[in-house]
Amino acid sequence: MARDKIGLIGSGQIGGTLAHLIGLKELGDVVMFDIADGVPQGKSLDIAQSSPVEGFDARLAGTNSYEALEGAGVCIVTAGVPRKPGMSRDDLLGINLKVMEQVGAGIRKYAPDAFVICITNPLDAMVWALQKASGLPAKKVVGMAGVLDSSRFRYFLADEFNVSVEDVTAFVLGGHGDSMVPLVKYSTVAGIPLPDLVKMGWTSQARIDEIVDRTRNGGAEIVNLLKTGSAFYAPAASAIAMAESFLRDKKRVLPCAAYLNGEFGVYDMYVGVPVVIGAKGVERIVEIELAGRDREAFDRSVAAVQGLVDACKKIAPDLL
Ligand code: A3D
């Protein structure tokens with residue numbers, strides 16, 4: 001069987017890490033695309049030259065032309081510009097929206113059957129715009145945020161309890177970052193929910209609240225440490241987990257920004273919810289009952305995403 005072809009649209013910090021991981025995991029052949037001349041070519045060659053040492057077989061190529069994405073089964077999108085000092089959220093939205101329009105057109109033309117994972121920020125609005133611009137079925141276009149947010153939460157919890165990260169599960173809903181909604185009662189250590197662990201004296205509610213807060217600000221903590229740029233190892237690993245579930249039809253249950261049209265009472269928006277990812281893309285949306293404070297927090301998160309989507313609609317009415 002021929003290897004899968006994976007297109008990486010954007011070859012910056014995350015794009016390079018994605019290519020390296022795809023090679024190490026032998027997930028397929030890689031085409032790195034970027035508007036910056038030489039960057040995708042240089043990074044793909046560098047990673048290809050590591051393959052004899054690491055012992056993986058994959059073809060890696062770099063390009064500045066969308067044509068090279070022809071036939072890609074998966075496209076992971078990180079193209080865009082980061083927010084710079086003095087730039088408002090709306091300025092960033094406007095610039096990256098234009099990028100999503102270009103990327104969407106390229107995918108529609110050369111990789112219309114691909115499973116598309118968007119990482120570009122502001123995530124929930126950009127994945128919405130990318131789906132509209134590409135015209136691909138909504139179940140084939142998802143956003144990566146929840147896997148990263150829940151991985152950060154799991155890591156902090158494992159550290160708190162001094163147990164393996166493998167035995168910690170975390171459940172998060174809602175938009176990316178500040179408005180993320182961690183569902184503490186569905187987050188567990190070996191199946192034991194966090195509220196029970198508080199009762200068992202493993203930790204206190206105050207510590208859990210601190211960990212939730214640190215998770216919500218997980219991206220900003222790294223930006224402050226790095227001074228330039230944002231996190232890229234964990235975001236890349238998270239997108240790879242989603243791509244792998246699609247390519248290997250694993251049907252993993254992962255929190256992703258998925259298109260909702262009625263589920264959770266949300267219409268025509270991408271919001272972070274648990275989904276099953278298999279060979280058909282988003283095969284199922286796991287619609288849990290939300291009540292009380294969880295519902296309120298989710299609604300607040302949805303309202304924040306709605307604000308961004310409304311801004312997109314104003315800037316680019318043709319997308320609708
Ligand atoms: P960076 O290293 O700047 O890479 C972005 C790349 O996009 C650069 O190489 C640019 O040349 C390229 N680019 C710009 N415009 C275009 C275009 N029109 N077509 C093709 N390529 C283009 O950024 P990064 O890799 O660190 O991050 C990529 C994106 O992911 C950013 O928008 C980040 O904000 C976002 N991000 C999201 C998360 C989430 O959890 C959602 C986490 C971390 C980063």
Side-chain angles (χ1 to χ4, degrees), residues 7-21 31-44 62-69 75-84 87 89 91-107 110 117-130 133-134 142-153 172 174-180 215-223 225-242 254-258 270-272 305 308:
L8 304 179
I9 306 178
S11 302
Q13 297 279 56
I14 300 180
T17 313
L18 286 168
H20 197 198
L21 286 173
V31 175
M32 299 184 75
F33 170 92
D34 204 289
I35 49 166
D37 184 31
V39 172
Q41 291 85 350
K43 287 195 180 183
S44 57
T63 181
N64 304 110
S65 142
Y66 275 105
E67 220 177 317
L69 296 171
C75 288
I76 308 181
V77 179
T78 57
V81 300
R83 196 162 149 190
K84 297 194 183 81
M87 192 190 269
R89 215 172 230 272
D91 292 342
L92 176 74
L93 194 80
I95 295 169
N96 282 351
L97 190 57
K98 284 226 163 56
V99 174
M100 289 307 108
E101 287 184 275
Q102 292 164 11
V103 172
I107 292 175
Y110 295 108
I117 301 168
C118 180
I119 309 183
T120 302
N121 270 323
L123 191 270
D124 305 279
M126 290 304 104
V127 62
W128 175 88
L130 184 62
S134 68
V142 285
M144 187 294 296
V147 176
L148 172 63
D149 289 331
S150 74
S151 183
R152 286 178 173 150
F153 195 27
V172 298
H176 181 47
D178 306 354
S179 70
M180 144 198 164
T215 306
R216 276 211 183 97
N217 297 312
E221 183 177 0
I222 302 222
V223 167
L225 289 166
L226 292 179
K227 313 252 180 354
T228 58
S230 52
F232 52 100
Y233 293 112
S238 303
I240 290 294
M242 293 163 66
L254 297 169
C256 302
Y270 273 80
V271 180
V305 178
L308 292 172

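Both ligands and their constituent atoms are indexed starting at 1 by order of listing. We use all heavy atoms of the structure for the numbers below, so side chains are in, but hydrogens, waters and symmetry mates are not.
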[X] touching ligand 1 at heavy-atom level, < 4.0 angstrom:
X      : answer
Gly229 : no
Ile35  : yes
Asp34  : yes
Ile119 : yes

If you compare all heavy atoms of [X] against all heavy atoms of [Y], which two are closest, and at what distance to 0.1 Å?
X      : Y      : value
Leu18  : Ile76  : CD1-CG2, 3.6 Å
Leu308 : Pro122 : CD1-CB, 4.1 Å
Ser11  : Asp34  : N-OD2, 2.7 Å
Leu97  : Met126 : N-SD, 3.8 Å
Met144 : Pro235 : CE-O, 3.8 Å
Ser230 : Val223 : CB-CG2, 3.7 Å

* **Side-chain donor-acceptor pair present, His176, Asp124, cut-off under 3.5 Å** => no
Quick look: Gln102 vs ligand 1, heavy-atom contacts under 4.0 Å, and the answer is side chain
Checking heavy atoms under 4.0 Å, the part of Ala231 that sits near ligand 1 is backbone
Check your understanding: Under the 3.5 angstrom rule, does the side chain of Lys43 hit a backbone N or O of His20 as a donor-acceptor pair?
Key -> no
Discussion item. Whether the side chain of Thr17 engages the backbone of Tyr233 through a donor-acceptor N/O pair (distance < 3.5 Å, no angle test) should be reported.
Written reply: no
What's the separation between atom [atom1] in [X] and atom [atom2] in [Y], rounded to the nearest 0.5 Å?
X      : Y     : atom1 : atom2 : value
Leu130 : Ile9  : CG    : CD1   : 8.0 Å
Thr78  : Gln13 : OG1   : CD    : 10.5 Å
Gln41  : Thr63 : CD    : OG1   : 6.5 Å

Report the nearest protein non-hydrogen atom to [atom]: residue, atom name, distance rounded to 0.1 Å.
atom                    : result
atom 32 (O) of ligand 1 : Asn121 N, 3.2 Å
atom 29 (C) of ligand 1 : Thr78 O, 3.6 Å
atom 4 (O) of ligand 1  : Gly12 CA, 3.3 Å
atom 40 (O) of ligand 1 : His176 NE2, 3.0 Å
atom 42 (C) of ligand 1 : Pro235 CG, 3.8 Å
atom 3 (O) of ligand 1  : Pro82 CD, 4.3 Å
atom 13 (N) of ligand 1 : Gly80 N, 3.6 Å
atom 25 (O) of ligand 1 : Ile14 N, 2.9 Å

Numbered in order shown, the ligand 1 atoms found under 4.0 Å of a heavy atom of Val99 are 17 (C), 18 (N)
A student checking ligand 1 against Leu123 at a 4.0 Å heavy-atom cut-off should list atoms 41 (C)
Would you say [X] has any N or O atom under 3.5 Å from an N or O of ligand 1, going by distance alone?
X     : answer
Ala79 : no
Asn96 : no
Gln13 : yes

Subject >> Closer than 4.0 Å: a protein non-hydrogen atom to atom 23 (O) of ligand 1 >> reply: no
